[in-house]
Trainee: 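Below is one structure. I have some questions about it.
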Amino acid sequence: KPEYAFIGRSNVGKSSLINMLCNHKGLAKTSATPGKTLLINHFIINKEWYLVDLPGYGYARRSKSVQQKLQQMIMSYILQREQLINVFVLIDIRHEPQKIDVEFIDWLGQSNIPFSIVFTKADKLTASKISSNVNSYLEKLKETWEELPPYFVTSSEKCIGRDEILDYIEQINKKL
Ligand code: GDP
């Protein structure tokens, strides 16, 4: 079955987003403690596809060696899974483009892994701030990439962007 992976820095809102997508509170545990998801978790959705919860990267309070091991694990999963269709990279919409995210996105692109961007926590900003932050992110990516990835603006708090992501996945699944 096809797999769709979700990844981002710790505290980006990944567990909340997964809960929103699954529409099942408690399925992916949300946590106020950043970096709690250490292993790769799979959730089967509608018996049709797997939502893959990848560990958060760039968690400063982990030791360097743990961070490196995690990164190795994430990269080898992404490179080796034949069923992996798309990686959704979560970005907190409030922040300027961060080096670690941009480097990860560049690595995905260089590795020919299809990916999309999911901006999180949109409820925390005004509409105009959202579009200017999204634009500055896309501008940053344009420095390296000719073609821009699909992106989604979401809020798990206000349930924004859920249908868009699920429709996107469904459209891809139909063509498989
Ligand atoms: P993870 O570490 O990436 O899994 O992040 P969590 O889902 O645990 O969220 C981290 C923090 O951000 C928690 O305090 C959440 O309540 C908060 N959060 C997550 N998503 C949203 C959102 O869409 N809007 C707002 N306002 N807060 C959010």
Side-chain angles (χ1 to χ4, degrees), residues 3-45 49-64 66-75 77-78 84 86-105 107-108 113 115-138 149-169:
E3 296 180 353
Y4 293 85
F6 290 76
I7 192 167
R9 287 150 60 92
S10 304
N11 223 30
V12 70
K14 181 165 55 81
S15 309
S16 306
L17 184 92
I18 290 173
N19 277 338
M20 171 175 83
L21 293 175
C22 295
N23 208 357
H24 186 306
K25 285 236 156 82
L27 189 52
K29 242 185 147 193
T30 55
S31 158
T33 319
K36 225 183 157 188
T37 318
L38 273 169
L39 299 168
I40 297 178
N41 292 304
H42 284 60
F43 302 95
I44 180 88
I45 312 287
W49 57 277
Y50 283 107
L51 187 159
V52 182
D53 182 5
L54 292 174
Y57 52 76
Y59 179 41
R61 281 161 69 193
R62 282 186 197 130
S63 70
K64 267 259 147 55
V66 170
Q67 281 203 47
Q68 274 166 3
K69 269 190 200 137
L70 264 178
Q71 200 146 344
Q72 275 304 316
M73 182 175 86
I74 292 167
M75 287 167 143
Y77 164 81
I78 290 175
L84 180 64
N86 192 67
V87 176
F88 291 91
V89 182
L90 276 61
I91 302 287
D92 190 323
I93 201 161
R94 294 171 297 171
H95 303 322
E96 295 282 298
Q98 307 275 309
K99 190 164 172 265
I100 190 164
D101 293 320
V102 174
E103 279 174 2
F104 182 70
I105 288 168
W107 177 78
L108 287 172
I113 307 288
F115 65 92
S116 337
I117 311 270
V118 176
F119 293 101
T120 63
K121 309 191 188 183
D123 60 283
K124 295 209 179 206
L125 296 180
T126 61
S128 69
K129 192 75 183 132
I130 288 171
S131 61
S132 77
N133 284 12
V134 166
N135 280 333
S136 64
Y137 226 99
L138 299 179
Y151 67 89
F152 303 90
V153 174
T154 71
S155 161
S156 308
E157 195 87 358
K158 294 271 185 319
C159 202
I160 297 167
R162 178 179 190 272
D163 294 348
E164 287 78 0
I165 293 176
L166 292 176
D167 284 349
Y168 178 73
I169 291 171

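Nothing fancy with the numbering, it's 1 onward along the sequence. Counting starts at 1 for both ligands and their atoms, in listed order.
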Trainee: Do Asp92 and Arg9 meet the salt-bridge criterion of a basic N to acidic O distance under 4.0 Å?
Mentor: no

Trainee: With backbone taken as N, CA, C and O and side chain as the heavy atoms from C-beta onward, which portion of Asp123 lies under 4.0 Å from ligand 1: side chain, backbone, both, or neither?
Mentor: side chain

Trainee: Give the contacting part of Lys124 toward ligand 1: side chain, backbone, both or neither, where contact means a heavy-atom distance below 4.0 Å.
Mentor: side chain

Trainee: Give the atoms of ligand 1, by number and element, whose distance to some non-hydrogen atom of Asn11 is under 4.0 Å.
Mentor: 1 (P), 2 (O), 3 (O), 5 (O), 10 (C), 11 (C)

Trainee: For Glu103 and Tyr57, does a side-chain donor sit closer than 3.5 Å to a side-chain acceptor?
Mentor: no

Trainee: Should you measure from each heavy atom of Ser16, which atoms of ligand 1 turn up under 4.0 Å away?
Mentor: 6 (P), 7 (O), 9 (O), 19 (C), 20 (N)

Trainee: Hey, does Gly56 sit under 4.0 Å from ligand 1 if you only count heavy atoms?
Mentor: no

Trainee: Can a donor-acceptor pair be found, under 3.5 Å and without considering hydrogens, that links the side chain of Asn41 to the backbone of Asp53?
Mentor: no

Trainee: With heavy-atom distances below 4.0 Å as the criterion, list the atoms of ligand 1 near Gly13.
Mentor: 1 (P), 3 (O), 5 (O), 6 (P), 7 (O), 9 (O), 19 (C)

Trainee: Ring pair (Phe, Tyr, Trp, His ring centres under 6.0 Å), that's the test. Do Phe119 and Tyr137 meet it? Break it down for me.
Mentor: CA-CA 10 Å; Phe119 293 101; Tyr137 226 99; 5.7 Å; yes

Trainee: State the atoms of ligand 1, each with its element, that fall below the 4.0 Å cut-off from a heavy-atom position in Ser15.
Mentor: 1 (P), 4 (O), 7 (O)

Trainee: Show me which atoms of ligand 1 lie under 4.0 Å from any heavy atom of Lys14.
Mentor: 1 (P), 3 (O), 4 (O), 5 (O), 7 (O)

Trainee: Has ligand 1 got any nitrogen or oxygen that is less than 3.5 angstrom from a nitrogen or oxygen of Val12?
Mentor: yes

Trainee: Which one of Thr120, Thr154, Val153 satisfies the side-chain contact (heavy atoms from CB on, under 4.5 Å) criterion with Ile93?
Mentor: Val153

Trainee: Would you check if there is a donor-acceptor pair between the side chains of Ser156 and Asn19 at a distance under 3.5 Å?
Mentor: no

Trainee: Counting C-beta onward and ignoring hydrogens, is there a side-chain heavy-atom pair between Tyr4 and Ile165 closer than 4.5 Å?
Mentor: no

